[in-house]
> 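This structure is in structure tokens; I'll ask about it shortly.
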Amino acid sequence: MSEPSGASNFIHDLVVADHAAGKHDGRVVTRFPPEPNGYLHIGHAKSICLNFGLAHDISGGICHLRFDDTNPTTEDPEYVNAIQADLKWLGFDWQEKMFFASDYFEQLYSFAVKLIHKGKAYVDNLTPEEMRVYRGTLSQPGKNSPSRDHSIEDNLGLFQRMRAGEFPDGSYVLRAKIDMASPNINLRDPVLYRIRHARHYRTGNSWCLYPAYDYAHPLSDALEGVTHSICTLEFEDHRPLYDWVVEQAEAPHRPQQIEFARLNLTYTVMSKRKLLELVEKKLVSGWDDPRLPTIKGLRRRGYTPEAIRAFCDHIGIGKREAIVEMQLLEHFVREDLNKRSPRVMAVLRPLKVILDNYPEDQAEELEAVNNPEDSSAGTRNVPFSRVLYIEQDDFREDPPKQFFRLAPGREVRLRYAYIIKCVGVTKDPITGEVTELHCIYDSTTKSGASQEQRKVKATIHWVSLAHAVNAEVRLYHPLLIADLAKVPSEHDWTTYLNPNSLERVTGCKVEPSLRQAVEGTRYQFERLGYFCTDPDSASGTLTFNRTVSLKDAWAKIDPPRPVK
RNA sequence: UGGGGGAUCGUCUAGCGGUAGGACGCCGGCCUUUGGAGCCGGCUACCUAGGUUCGAUUCCUAGUCCCCCAGCCA
């Protein structure tokens with residue numbers, strides 16, 4: 001990406017000041033450090049835009065992509081690939097700066113040996129339960145482990161044997177020797193290494209002990225020459241430990257950790273744990289389910305990288321917890337898609353209309369504008385004939401106040417075509433449901449002809465029955481029925497899932513130009529919203545996802561009933 | 001009842017001693033062959049109480065509320 005994020009925020013200001021003061025030899029190096037145990041979501045996008053933006057805007061540098069792969073039991077190359085694909089799709093380029101914490105394992109081990117030599121780390125055999133007791137509580141200091149004062153030689157020997165695979169999982173750990181009475185619990189001799197006889201997707205079986213985040217992360221940053229290590233708020237009280245590790249290991253470089261508030265969005269989930277739960281329990285169709293705030297999900301839904309980036313640049317970076325309204329995200333897709341997506345006509349819930357005075361064997365091609373926002377998009381022809389489909393919502397037998405559309409005796413314009421008047425309503429004799437409309441058209445009112453003589457209050461979209469293509473349309477509603485942050489935490493969060501988040505509408509009729517629609521293409525269905533062809537179209541039925549609806553003034557007057 | 005953070009329109013966010021700005025949203029109006037888009041106007045905010053000051057959202061003090069931390073997760 002080349003355009004600067006432009007947004008100023010406290011981190012940006014701080015980095016600019018450091019840069020201006022000549023800190024770090026004038027370099028600005030940031031990093032995006034995902035753990036490959038899940039897919040990227042829009043919260044990551046916020047961090048990505050920040051980190052890549054900082055490096056690019058301030059020093060013309062690039063942001064490192066580093067996989068924080070220190071826990072072989074949860075990580076998987078599937079995620080490594082997916083993360084790279086999502087990053088590229090979002091428009092970011094890390095060039096040759098792709099790293100893996102696992103590539104540093106040997107160096108990390110050497111640093112640990114140095115720590116032991118300095119008497120700053122020791123091997124402990126306390127069980128996890130014992131360690132918890134020894135750690136104390138939030139208000140009570142902890143107490144020293146019996147192993148804390150073992151000799152350097154003993155520790156060295158034990159650590160060596162840990163690496164050699166002589167001990168089972170959980171039997172020993174390497175701990176930092178800091179202060180068991182620290183008011184900051186993170187400093188009460190945190191675990192640096194744990195034994196895990198697990199195959200690592202990159203290092204295979206060459207290691208059976210793996211470094212913990214608090215140890216591997218600062219040193220990885222230091223090894224890469226990262227100048228500003230930006231993370232989220234929950235790591236704020238890990239910063240003293242971050243600094244301790246870098247200092248005591250005598251790392252070649254001192255990165256600075258800075259924290260900001262993660263992104264939350266209304267009516268959705270943003271934690272990897274919850275997203276994984278949805279996927280694993282098959283509560284959604286996969287990581288790319290269009291209802292999810294994952295990058296893959298948003299992409300399949302029809303979001304553009306540009307819209308996501310614009311959103312990230314506009315929400316700002318701060319330190320207070322914020323829940324951003326979904327409407328703001330939607331605003332940015334609408335803004336983007338309005339300018340670039342071709343308009344087409346599609347009828348989601350068809351109602352048959354017969355033009356009684358239109359010749360039965362006649363059909364004509366009407367010129368339609370592809371995008372009124374972009375004259376270079378040109379025009380196309382749309383077939384018109386005697387029998388059409390219109391939207392069921394565009395007809396009311398007993399129109400309420402302010403309803404401008406079709407009703408018995410009323411007139412509307414058919415988009416790009418003629419003014420028609422409803423002269424008859426056919427109903428199902430049993431259910432009373434309106435099954436078809438009889439209308440007459442006025443041949444003098446063809447779109448584009450001199451038309452000043454007559455105005456109608458509404459223009460509606462339509463599709464010619466004989467030329468229509470069948471399609472399925474998927475409408476998406478909020479994933480949750482409440483914001484989890486505002487709900488008692490003891491409740492099982494999945495009970496707040498919206499059972500109607502996916503609404504499949506079959507039997508839709510779309511204009512013939514869509515017959516060959518390519519997967520992933522975005523359209524505006526006139527008067528309805530922005531839609532994107534779904535990969536499921538490959539199974540035979542043209543399928544569209546609604547990215548977002550158009551703003552709808554009528555819906556405010558007459559809100560649609562909630563989906564059942 | 002330890003430690004670390006944070007409190008500005010409904011929601012994000014700016015403001016760094018000179019009297020609150022922007023965006024989304026909402027409400028009006030204009031315009032319109034998408035009740036879209038566009039345009040114009042309006043709406044509502046400094047957690048509380050003291051203090052310093054000519055003047056405080058900004059500084060000080062004391063409170064209140066919210067979030068995070070007791071994984072061999074990150």
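Note on naming: letters A, B, ... go to the chains in the order of the sequence lines (proteins, then strands), and numbering restarts at 1 for each one.
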> Less than 3.5 Å between a donor and an acceptor, one on the side chain of Arg405(A) and one on the base of G35(B), is that the case here?
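Yes, the side chain and the base share a sub-3.5 Å donor-acceptor pair.
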> Syn or anti for G71(B), given that syn means the glycosidic angle lies within 90° of 0?
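Here the answer is syn: the torsion falls within 90° of 0.
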> Taking atom types as modelled, is there a side-chain donor on Gln524(A) or Glu526(A) under 3.5 Å from an acceptor on the other?
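Side-chain D/A pair, Gln524(A) to Glu526(A): absent.
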> Mapping Thr70(A) and Ile315(A) to their closest nucleotides on RNA chain B, which lands nearer the 5' end?
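That would be Ile315(A).
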> Between the side-chain atoms of Thr459(A) and the base atoms of U34(B), is any donor-acceptor pair under 3.5 Å?
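Side chain to base: no pair present.
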> Tell whether Gln524(A) reaches the base of U34(B) with its side chain through a donor-acceptor pair below 3.5 angstrom.
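By the distance-only test, yes, there is a pair.
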> Heavy atoms within less than 4.0 Å of RNA chain B: which residues of residues 158-166 of chain A have one? Give them sorted by number.
none
> Which nucleotide sits closest to the side chain of Lys556(A): G35(B), A74(B), C27(B)?
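Side chain of Lys556(A) sits closest to C27(B).
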> Please state whether the phosphate of U33(B), meaning OP1 or OP2, lies under 4.0 angstrom from any side-chain nitrogen or oxygen of Lys455(A).
yes
> If a pair means Watson-Crick or G-U wobble with both distances below 3.5 Å, what does RNA chain B look like in dot-bracket form, with | marking bases paired to a different strand?
.((((((..((((....[..))))((((((.......))))))...(((((..]....))))))))))).....
> Using a 3.5 Å cut-off and no angle test, enumerate the donor-acceptor pairs between side-chain atoms of residues 547-555 of chain A and protein atoms at least two apart in sequence or in another chain.
unit_1    : atom_1 : unit_2    : atom_2 : d
Thr547(A) : OG1    : Arg301(A) : O      : 2.6
Asp552(A) : OD1    : Trp554(A) : N      : 3.0
Asp552(A) : OD1    : Ala555(A) : N      : 3.2

> Indicate, with yes or no, if the rings of Tyr201(A) and Phe67(A) have centres closer together than 6.0 Å.
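Centroid distance Tyr201(A)-Phe67(A): not below 6.0 Å, so no.
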> Indicate whether OP1 or OP2 belonging to G3(B) is found under 4.0 Å from a side-chain N or O atom of Arg135(A).
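False: Arg135(A) side-chain N/O out of range (4.0 Å or more) of G3(B) OP1/OP2.
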> How is Phe403(A) classified with respect to the nucleic acid when contacts are heavy atoms under 4.0 Å: base, sugar-phosphate, or nothing?
base
> A70(B), C72(B), G25(B): which one has an atom nearest the side-chain heavy atoms of Pro128(A)?
C72(B)
> Would you indicate what Leu366(A) reaches in the nucleic acid, counting non-hydrogen atoms under 4.0 angstrom: base, sugar-phosphate, or nothing?
nothing
> Between His238(A) and Phe235(A), what is the ring plane arrangement, given parallel below 30°, perpendicular above 60°, and tilted in between?
perpendicular
> Classify the nucleic acid contact of Gln140(A) as base, sugar-phosphate or nothing, counting any heavy atom under 4.0 Å across all strands shown.
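Answer is nothing: Gln140(A) stays at 4.0 Å or more from every strand.
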> Taking the P atom in each of A37(B) and G17(B), what is the distance between them to the nearest angstrom?
41 Å
> Nearest to the Lys551(A) side chain among G36(B), G2(B), C24(B), which nucleotide is it?
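Ranking G36(B), G2(B), C24(B) by closest atom to the Lys551(A) side chain puts G36(B) first.
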> Which of the following nucleotides, G4(B), C12(B), C72(B), is nearest to the side chain of Glu236(A)?
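The nucleotide sitting nearest to the side chain is G4(B).
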> Tell me what Arg132(A) touches on the nucleic acid: a base, only sugar-phosphate, or nothing, going by heavy atoms under 4.0 Å.
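Sugar-phosphate: the residue Arg132(A), judged by heavy atoms under 4.0 Å, touches backbone atoms but no base.
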> Among U33(B), A74(B), G5(B), which is the nearest nucleotide to the side chain of Arg413(A)?
U33(B)
> So, Tyr172(A) versus Phe159(A), ring centres under 6.0 angstrom or not?
no
> For Pro240(A), report the nucleic acid contact type (base, sugar-phosphate, nothing); a contact means any heavy atom under 4.0 Å.
nothing
> Is the positively charged end of Arg202(A) above the ring of Phe100(A), judged by distance under 6.0 angstrom from the centroid and angle within 45° of the axis?
yes
> Look at Arg194(A) and G71(B) and indicate whether a side-chain polar atom (N or O) is within less than 4.0 Å of OP1 or OP2.
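Checking G71(B) against Arg194(A), no side-chain N or O comes under 4.0 Å of OP1 or OP2.
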> Considering only U34(B), A74(B), C12(B), which nucleotide approaches the side chain of Ala322(A) most closely?
C12(B)
> Is there a donor on the side chain of Glu325(A) or the base of G10(B) sitting less than 3.5 Å from an acceptor on the other?
yes
> For a quick check, tell me whether the side chain of Glu373(A) and the base of G36(B) share a donor-acceptor pair closer than 3.5 Å.
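In this structure, the two groups form a donor-acceptor pair.
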> Where the side chain of Arg343(A) is concerned, which of C24(B), G2(B), G36(B) is the nearest nucleotide?
G36(B)
> In whole angstrom, give me the gap between the C1' atoms of C9(B) and A14(B).
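Each nucleotide's C1' atom is 13 Å from the other's.
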> Confirm from the modelled atom types if Arg320(A) and U13(B) form a donor-acceptor pair under 3.5 Å, side chain to base only.
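Absent.
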> Are a donor atom and an acceptor atom from the side chains of Glu129(A) and Tyr134(A) found within less than 3.5 Å of each other?
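Per modelled atom types, Glu129(A) and Tyr134(A) side chains form no pair under 3.5 Å.
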> Is any NZ, NE, NH1 or NH2 atom of the basic residue among Glu391(A) and Arg405(A) found under 4.0 Å from an Asp or Glu carboxylate oxygen of the other?
no
> For the ring pair Phe311(A) and His331(A), is the centre-to-centre distance below 6.0 Å?
no
> Go through the N and O atoms of the side chain of Asp237(A) and the base of G3(B), and report whether any donor-acceptor pair is under 3.5 Å.
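Checked by distance alone, the answer is yes.
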> Salt bridge check, Arg66(A) against Asp221(A): does any charged N sit closer than 4.0 Å to a carboxylate O?
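Counted as a salt bridge, because a side-chain N and a carboxylate O are separated by less than 4.0 Å.
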> Is the closest basic N to carboxylate O distance between Asp189(A) and Lys177(A) below 4.0 Å?
no
> Looking at Lys272(A), I'd like to know whether one of its side-chain N or O atoms comes within less than 4.0 Å of OP1 or OP2 on A74(B).
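No, no such contact exists.
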